[in-house]
Every structure is written in structure tokens, then in C-alpha cells.
Amino acid sequence: SGAKPISHSQITRLYSRFTSLDKGENGTLSREDFQRIPELAINPLGDRIINAFFSEGEDQVNFRGFMRTLAHFRPIEDNEKSKDQNGPEPLNSRSNKLHFAFRLYDLDKDDKISRDELLQVLRMMVGVNISDEQLGSIADRTIQEADQDGDCAISFAEFVKVLEKVDVEQKMSIRFLH
Amino acid sequence: MKRMCLFLKFLCDAVHGGRGSYPDFFSLPRCHLPVRRSFHLYHKLPSIVPESCLLILVGLLLGGIIFGAEEKSPPVMNSDVFFLYLLPPIVLDAGYFMPTRLFFENFGTIFWYAVVGTLWNAIGIGISLFGICQISAFGLTDITLLQNLLFGSLISAVDPVAVLAVFENIHVNEQLYILVFGESLLNDAITVVLYNLFKSFCQMRTIQVIDIFAGIANFFIVGIGGVLIGILLGFVAAFTTRFTHKIRVIEPLFVFLYSYLSYITAEMFHLSGIMAITACAMTMNKYVEENVSQKSYTTIKYFMKMLSSVSETLIFIFMGVSTVGKNHEWNWAFVSFTLLFCLIWRALGVFVLTQIINVFRTIPLTFKDQFIIAYGGLRGAICFSLVFLLPPSVFPRKKLFITAVIVVIFFTVFIQGITIRPLVEFLDVKRSNKKQPAVSEEIYNRFFDHVKTGIEDVCGHWGHNFWRDKFKKFDNKYLRRLLIRENQPKSSIVSLYKKLEIKHAIEMAESGMISKVPSSVSLSEYHEGKIKPLSPTEMENMREILTKNLYQIRHRTMSYNRHSLAADANEKQAKEILIRRRHSLRESLRKTNSLSRERPAAANTKRFLSLPKNTKLPEKLRVRNKTSSRVGDSSDSEMDATTTVLNLRPRAGKILREQRLRQQRPPSEFSMEWKNEVDGSQNGQGEQQEPGSLPQPSIGFRQPLLTRPRFGTLSREDLTADHELARPVPPPRLVRQASQGERQRRYLKEYQKP
């Protein structure tokens with residue numbers, strides 16, 4: 001849909017990865033299959049990342065869904081940026097990448113990152129040496145920097161605004177998914 | 001002499017001290033500004049100037065002192081000393097900590113650069129220098145073509161020692177690092193062959209075509225022979241350590257002995273010692289780690305680092321010392337053209353070769369990568385020693401060569417070493433402009449990095465590789481059985497897990513409650529009120545706190561660092577994360593256990609701190625012996641550490657399970673049964689949601705962890721027609737190797753009820 005399609009060799013590689021993760025050989029992956037990846041287990045955001053693969057209410061993901069999530073991380077080709085403004089936005093556009101990240105924070109899907117949700121993520125990312133009060137004040141500060149409408153939560157628009165100087169395209173791109 | 005040694009020691013401490021201990025200085029209170037400032041300077045220095053430069057300067061200083069004091073040339077570094085004693089520890093260290101997976105992934109490229117690149121450089125430099133020598137104005141006409149070729153071959157050797165020393169400063173990505181470093185290791189074989197070839201040619205009267213072919217064949221023999229010796233001795237070492245559990249104290253000795261033996265043996269047969277010791281270290285690494293005790297393992301690691309640090313220091317200092325003296329003959333043309341050609345041919349070579357190899361690579365090398373590879377081709381002590389080995393009878397202009405080599409080395413180490421970092425930074429075109437820094441910036445950056453790493457791990461990054469899988473199968477079937485002693489979970493993470501398990505099991509059994517985790521639950525209080533603006537110092541504090549405490553991104557391969565073992569820090573972080581996840585899962589378990597069945601709708605949104613409300617979790621049914629020791633189990637008894645203790649109460653609710661079986665089940669079966677408490681449409685049946693899939697990291701785990709179920713107190717409910725009870729099935733064995741999945745499946749079959 002306007003974007004350069006993912007190359008055949010990549011799809012093959014990812015499919016073989018998919019099947020190697022799929023221990024039950026039933027063509028879908030469960031959360032367990034993901035948790036079996038050892039590196040993911042010691043990723044602080046491991047559970048959230050795994051969860052991002054599963055759509056609402058599902059606990060299996062097929063290859064299509066797998067690829068769909070991964071497609072968010074394709075690098076944005078420079079010549080794509082100006083191409084095809086009429087078609088649907090590709091999954092790896094900046095906005096969709098940011099949306100993906102936003103959803104990792106926003107568990108209850110109310111389109112807002114509340115202080116609570118932010119604290120949860122912070123706590124996951126941080127060692128044991130930070131006390132709760134310190135963490136709380138860091139979270140407060142984070143919200144304060146982003147919040148513009150004063151609701152003590154970060155909406156998606158505010159999220160985008162805070163990150164406008166951050167090179168999201170590069171940070172959320174995996175080089176070999178070209 | 002003694003004075004020199006003491007002085008040396010002092011200087012080494014001064015140079016090294018700047019690296020290692022500076023974090024302590026930051027804790028000084030701010031009033032000690034002058035102290036702090038000087039230490040600031042002190043600590044900045046190693047990051048600007050690579051350590052090798054400092055060491056050479058120290059050497060120069062020493063050489064100058066000796067020369068001045070004793071009015072004669074200082075002791076020149078003996079080539080024997082270098083090749084026999086100083087070089088092996090460094091290469092051993094590098095080979096032992098080499099990320100093998102990455103190395104083999106890029107092996108083709110590394111090989112290509114090492115072999116073809118070095119040949120290109122050697123011949124190119126040799127011929128162009130010969131051309132220069134022909135110009136009679138420079139007074140070099142007596143240097144023959146062969147001598148030039150020989151000189152070219154020894155000057156084109158990229159030196160691992162220098163490369164390592166410089167690359168520590170610049171944080172290149174792992175791939176690039178492995179390319180340059182691997183190339184520097186592998187090109188030793190080429191260098192040795194070419195050097196010996198041309199040297200013998202120089203001494204021969206006539207050269208026939210057959211000799212050239214013999215030379216080519218010699219290369220293969222030297223390289224492959226070295227590798228074979230290394231692998232053989234690596235296996236012997238691994239096999240030896242299988243039987244050393246009674247004599248733990250000398251286990252480290254075997255590691256060092258065998259690797260040095262491989263080096264000496266290879267050198268004895270005129271094969272490539274560097275390749276032998278590298279192959280030995282890489283082979284030994286995997287198996288020895290599993291066989292030796294934890295303490296021996298630590299000893300090996302630290303001792304290796306120590307030896308290599310000492311060697312490196314001595315090498316550079318000796319180089320400095322040897323420079324001062326009367327060994328030189330200066331010739332402007334020769335020296336400057338040598339330098340020029342080295343740079344030009346290196347750049348050309350990298351560029352041309354990359355264009356060719358990019359066709360075959362999945363991840364092509366960018367211009368920045370090429371620049372770093374070309375610019376990072378440093379010459380060092382190997383060239384230096386080789387030039388000293390030239391027989392003066394055949395090479396009347398030996399002193400000229402020495403001078404030229406020294407100039408090239410100094411140039412590459414100093415100029416290129418110092419400037420590579422700013423140039424790399426300059427080439428990073430996309431840089432986020434430094435706006436007013438926000439506290440949250442670090443959080444967001446780190447967040448993105450973790451997400452990216454996680455997704456990369458999901459992708460597996462490298463995918464499947466036919467040869468690697470084959471090797472793994474072979475490895476499992478034969479090698480591991482032969483070389484590894486069973487029954488030894490070594491990692492501290494595993495033992496920590498076991499301890500946690502036992503502790504929780506006992507607690508659960510006794511009181512039904514779990515020990516409270518301080519951090520997670522207390523976050524739930526909502527904090528009303530205005531957020532007050534913060535002063536800059538408070539912001540600064542916050543930022544400092546964050547920088548210190550945010551978890552690091554897990555690097556897939558530990559980037560090699562001469563002076564520290566990154567694995568320790570990462571392991572500590574991994575432990576924390578694992579403990580926290582387990583606790584959060586247990587907390588949620590505790591809360592669900594305390595929910596009675598009559599209140600299915602009591603939504604506890606904070607239950608799973610890391611999962612959203614509607615998560616459907618696979619439920620693992622595991623009932624476990626509280627006393628944790630199971631008689632009659634085979635070697636897996638120790639592995640049961642990760643089963644949770646869940647004594648299900650009789651009216652436990654639906655017990656569901658992930659299917660992992662051969663038989664296919666329609667997907668709808670899975671979707672229907674997982675409702676959380678909020679959804680009351682399931683006939684008011686409460687859920688016993690057990691978070692069971694526990695993370696099973698294999699980093700640090702030596703063996704897969706088996707979770708073996710016991711179906712003691714399992715009870716089931718009858719369900720209505722449209723909810724078919726999924727049969728409880730033992731949890732999948734979380735395995736690292738594919739072959740063990742086979743065993744698992746067979747095992748599952750046994751447990752299925754008919």
C-alpha cells in the first residue's frame with residue numbers, strides 16, 4: 001500500500017523464526033512461546049512487548065499478526081516520506097510507531113497515560129535503588145513536562161509533541177527489516 | 001633496572017587508575033572543587049586519548065631516560081619475548097571473550113577482508129613502494145622488488161592489540177567491532193605466510209612458478225593447520241575439565257596451559273600460533289564454562305584479563321623504549337610514501353572489497369561502516385616485531401625499514417587513534433539537537449531502546465542458519481555428552497531462582513500468603529494535587545538518579561572490554577528484573593487466590609502489573625513437592641526449581657491449559673475460556689488464573705529447566721457443552737536447544753490421559 005513491500009528473503013527468515021518459536025506446531029504463537037525467548041525474559045519491558053503482539057482478547061497470534069506487529073519496526077525509507085499521500089498510512093510511519101509505543105504504556109486503552117501507568121513502566125525500567133517517593137516525583141515531573149491540558153495524564157497528542165525532537169524513526173527501526 | 005620497574009609500575013597505575021576508579025571521585029562533596037576538577041581532567045584523558053598512546057608515551061619517556069642515563073640504546077624488545085610471552089595472553093583474552101555467534105555470522109566478510117584485503121594491501125604497498133624506489137633521486141634503488149614486497153606484507157598486518165586499545169573508546173556497533181577485530185586476528189595467518197614466503201624468496205636465487213603455488217598452498221596449511229591444532233587442544237582441555245571436580249583448585253591452570261600449548265605447538269610447526277590459540281579459546285570456552293566450578297570460572301576470567309592487561313602495557317612501553325636509540329635511518333621519501341601508501345591502499349581496499357561483499361550480505365555496510373573499518377586498520381606491535389626479525393644480511397637497509405615501521409605505527413596509533421572518535425561522531429549525521437533537556441528524555445530514550453531490543457530478540461535477529469543448526473545438533477548429540485559433566489547448574493541466577501522457589505513454596509504451604517514485595521504494590525495510591533515546579537538542582541538530581549538507575553539495554557554480545565567484565569553487571573540487572581517479574585506474577589496470584597468464587601466480577605485492575613486487564617494467560621498446572629527434593633528423579637531434580645507451588649483448592653474453577661500438542665485444536669477453544677473477573681458471562685464461574693509461564697532465561701543457565709508436573713490435587717469441573725475441558729498437559733519444557741523439544745514431546749505423550 002504505497003510502501004516498499006518487505007523483501008521475500010526477509011519474510012522467509014521471519015517465517016522460519018516464527019515456526020521455530022511455535023513449539024506446538026499449530027501455526028500460532030502463544031504468550032508462552034514468546035516467554036521462552038530468554039533474552040526477552042530479562043528485558044524490563046518484556047511482558048509489555050509480548051502483549052503488544054496479541055490483539056484485544058486474543059491469546060494466540062498467527063503469522064500475519066506477527067508480521068503486522070513487526071512491520072511497525074521497518075525503517076522508513078527516505079523516498080517513502082513523500083510518496084503516496086493518498087493511500088493508507090503505512091504501519092511503519094512515524095505516527096504509527098509512536099502509537100505503538102503509546103499502547104505499550106497505556107494498558108487500559110483509554111488513550112491516556114495516567115500517572116499510575118507511567119509509574120508502572122518506570123518501576124519496570126529502574127533498579128531497586130530508587131525509592132517510591134523518588135520515582136513518584138520523577139513520574140510527576142515527566143507528566144508535567146508533557147501535559148498541556150492539565151489533566152495530569154499524557155494523551156497521545158501530548159506524547160507526540162514531547163517526542164517531536166526525538167528521532168523515533170531511527171530508534172524504532174530494525175535495520176534488517178528492510 | 002629496579003628503579004625502572006618501580007617507575008614503570010607507578011606510571012601504569014597512573015594511566016590505568018584514570019580508567020578504573022573514577023566513579024568514586026564523583027561522590028566527593030562539591031566543595032572539593034579543585035580536587036574534583038583535576039580528577040575530572042584525569043578521567044577525561046583516557047576517553048580522548050586511547051590508552052595505547054599513553055603507554056607508548058610512557059615508553060618513550062623511559063627510553064629517553066635510559067638513553068640519557070646510560071648513553072646507549074635501551075634494550076630493544078626481543079622478538080622472541082614478544083612472540084612467545086607477550087602476544088599469547090592478549091590473543092587468548094580476545095579469543096576467549098569473543099562473541100562466537102556474531103563472529104561466525106560474519107565469518108565470510110571477516111575472511112574476505114582478512115585474506116583478500118591483506119593480500120591487496122601487501123602487494124599494493126610493495127609494488128608502489130618499489131615504483132618509488134626506482135626513482136633514483138631518493139637514493140633507494142638498491143631495494144629490490146622482493147624486499148619491497150616483504151616490507152609491504154609486514155606493514156599491512158592490522159594489529160589486534162592496537163585495534164582493541166582504540167576501539168574501546170569509540171562505541172561502535174557490535175558488527176563493526178567484530179569485523180575489524182576478526183580481521184585483525186585472521187590476517188595473522190596471511191602475514192605469517194607472506195612474510196616467510198618473501199623472506200625465503202629473497203634468499204633464493206631463482207624463483208619458479210612452482211614456488212608461488214607452494215606459497216599459496218602454504219597459506220592454507222598454515223591457517224587451517226593452526227585452527228585444527230587449536231580446536232583439537234580445545235577439545236582435550238574441555239575433556240580434561242570434565243574430570244576435575246575433585247581438584248577444583250587447579251582448574252584454571254588447565255585452561256591456560258592448554259591454550260599456551262596450542263600456541264607453542266602451532267609455532268613449532270611453523271603454523272599460525274595466533275589462529276591456534278584463538279581457535280582453542282573459542283572451543284574451550286563453551287564446554288569449560290559448564291564444567292568448572294563458579295569460582296574457577298571467575299578466576300579464569302579475571303586472571304586472563306590481568307595477564308592481557310599486563311602484556312598490553314608491556315608491549316606498548318617496550319615499543320616506546322625501543323624507539324629511542326640508534327637503530328634508525330631516516331629517508332624522507334621512503335617513510336612518507338610508506339605512510340601515504342598504507343593509508344591509500346587501505347582505504348581503496350576496503351572500499352572496493354566492500355562493494356563486492358555487500359552483494360552477499362544481508363545487512364550491507366554503510367559508508368560510515370566502511371570508513372571505520374578503513375580508518376581503524378591500525379598497525380601495532382606485530383609489524384614492529386616482524387621488522388626486527390629481518391635478517392640484516394639479506395636486508396642491508398634494515399634500519400630504514402625499522403624507521404618507516406615506527407613512523408607508521410606511531411601515526412596510526414596516535415593520530416588515527418585519537419581522531420577516530422571525533423570523526424565517528426561527526427559522521428553520525430542524524431543527531432538530535434540538544435534542546436532544553438528534559439528529565440523525561442532519558443526515560444523515553446531508554447524506553448525505546450528496550451522496546452527495540454525486545455523486538456529484535458523476538459525476530460531472532462539472525463534467523464536460521466543451516467550450518468549452525470547442523471552444528472548444534474552435532475554438538476548436542478556427541479560433543480556435549482562427551483565433554484560436559486552432567487548435573488551442574490552453575491549460574492548464580494539459577495541458584496537464586498532455586499532459593500526463591502523453595503522460600504516461596506514453604507511460605508505458601510504454611511500460610512497461603514506470599515512475602516510482600518515492597519515496590520510494586522505501593523504504586524497504586526493516587527496522588528492528588530498540583531505538581532509543583534522543580535528547581536534546576538532538583539531536576540539535575542533527578543536526571544542523575546535516572547542515569548544511574550535505569551536498566552541498561554541488554555547487549556546481545558558483550559562488547560569486548562580489556563579492563564572489565566561486563567557480564568557481572570548485566571547479571572545483577574537480569575537478576576533484579578527476574579525477581580521483580582516473579583514477584584509481580586506471584587502478587588497477582590496471591591490476589592486471585594484470595595478472591596472467592598462468589599465474586600467473579602471483582603476486577604482487580606492492578607493485578608498483573610505488567611499485563612493489561614484482559615490478558616488471557618495460559619495457566620500452568622503445577623503442583624509441587626514442598627520439600628523440593630525428589631527422590632527418584634534423574635538429573636532433572638535440581639531443575640525443578642522453577643515450578644510454582646500451587647496447591648489448588650478443590651473448587652478451583654476451570655483449569656485450563658495451553659495446548660502444545662500434536663493434535664490440532666480449533667482456535668475458538670482458546671478464546672472462550674479466558675475471561676477475567678470482570679466479564680461475568682461465564683455462568684459466574686470464577687477464574688483461577690495462575691500466571692504460570694515463568695520467564696526462563698537461559699543466559700547463565702547451563703541447562704534447560706524442566707518443569708515437571710505432579711497431578712496430585714488436581715481437580716476439574718464439569719463444564720457445559722460448549723466449553724470443552726482442555727486436558728491438563730504438563731508445561732512445555734523450556735528448552736534452549738531444539739533437539740530437546742523432541743524429548744519433551746515424547747514426554748508429553750506419556751502424560752496425556754487417554
Side-chain angles (χ1 to χ4, degrees), chain A residues 13-14 16-17 20 23-24 26 30-32 35-49 51 56-60 70 73 101 104 107-108 115-116 119-120 122-130 132 134 136 138 140-142 144-145 163 165-167 170-172 174-176, chain B residues 362-363 430 432 435 438-440 443-444 446-448 450-460 463-464 519 522-523 527 531 534 542 545-546 549-551 554 574 576-578 609-616 618 658-661 664 667 670-671 674 693 695-699 732 734 741:
Chain A
R13 278 162 70 119
L14 289 170
S16 72
R17 172 70 174 170
S20 78
K23 295 286 192 279
N26 52 0
S30 62
R31 283 203 168 73
E32 219 183 26
Q35 280 159 352
R36 213 175 284 129
I37 304 173
E39 293 86 1
L40 215 48
I42 58 167
N43 190 314
L45 301 173
D47 286 328
R48 302 266 173 134
I49 295 174
N51 207 56
E56 184 80 31
E58 298 287 322
D59 68 344
Q60 297 283 317
L70 289 182
F73 285 84
L104 288 178
L107 285 188
D108 52 7
R115 181 183 186 272
D116 212 16
L119 266 178
Q120 286 178 17
L122 272 181
R123 179 46 83 187
M124 283 161 68
M125 291 210 299
V126 134
V128 296
N129 293 326
I130 295 194
D132 288 335
Q134 282 175 322
I138 292 177
D140 287 333
R141 177 72 195 168
T142 310
Q144 188 189 14
E145 281 168 358
L163 291 174
K165 295 271 177 48
V166 172
D167 187 4
Q170 199 256 332
K171 279 190 170 307
M172 281 188 67
I174 296 181
R175 221 166 140 190
F176 58 88
Chain B
T362 41
I363 310 176
K430 273 190 185 174
S432 50
K435 52 186 188 338
V439 163
S440 45
I443 300 176
Y444 291 130
R446 199 60 66 94
F447 176 80
F448 282 127
H450 279 306
V451 171
K452 180 170 167 178
T453 314
I455 297 280
E456 278 179 347
D457 289 328
V458 170
C459 289
H464 268 338
S519 54
S522 55
L523 294 178
H527 184 84
I531 304 167
L534 293 171
M542 268 192 195
I545 293 175
L546 274 180
N549 282 299
L550 276 174
Y551 283 139
R554 186 194 61 79
E576 282 179 16
I577 297 178
L578 283 173
L609 291 180
S610 45
L611 299 167
K613 226 160 37 173
N614 299 327
T615 304
K616 305 189 169 174
E658 271 296 325
Q659 288 305 315
R660 245 190 38 86
L661 307 171
Q664 297 291 326
F670 297 102
S671 53
W674 290 108
S693 353
Q696 305 265 354
S698 71
I699 295 179
L734 300 179

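Each chain gets a letter, A, B and so on, in the order the sequences are listed, and its residues count up from 1.
Contact between B:His450 and A:Leu45 at its shortest, heavy atoms only, is CB-CD1, 3.6 Å. Residues A:Met172 and B:Phe448 share a closest heavy-atom pair of SD-CE2, 3.3 Å.
Rounding to the nearest 0.5 Å places OG1 of B:Thr453 at 6.0 Å from CG of A:Asn43.
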Yes or no on side-chain contact (heavy atoms from CB on, under 4.5 Å) for A:Ile49 and B:Asp457, after CA distance, side-chain angles and deciding distance? CA-CA 11 Å; A:Ile49 295 174; B:Asp457 289 328; over 6 Å; no
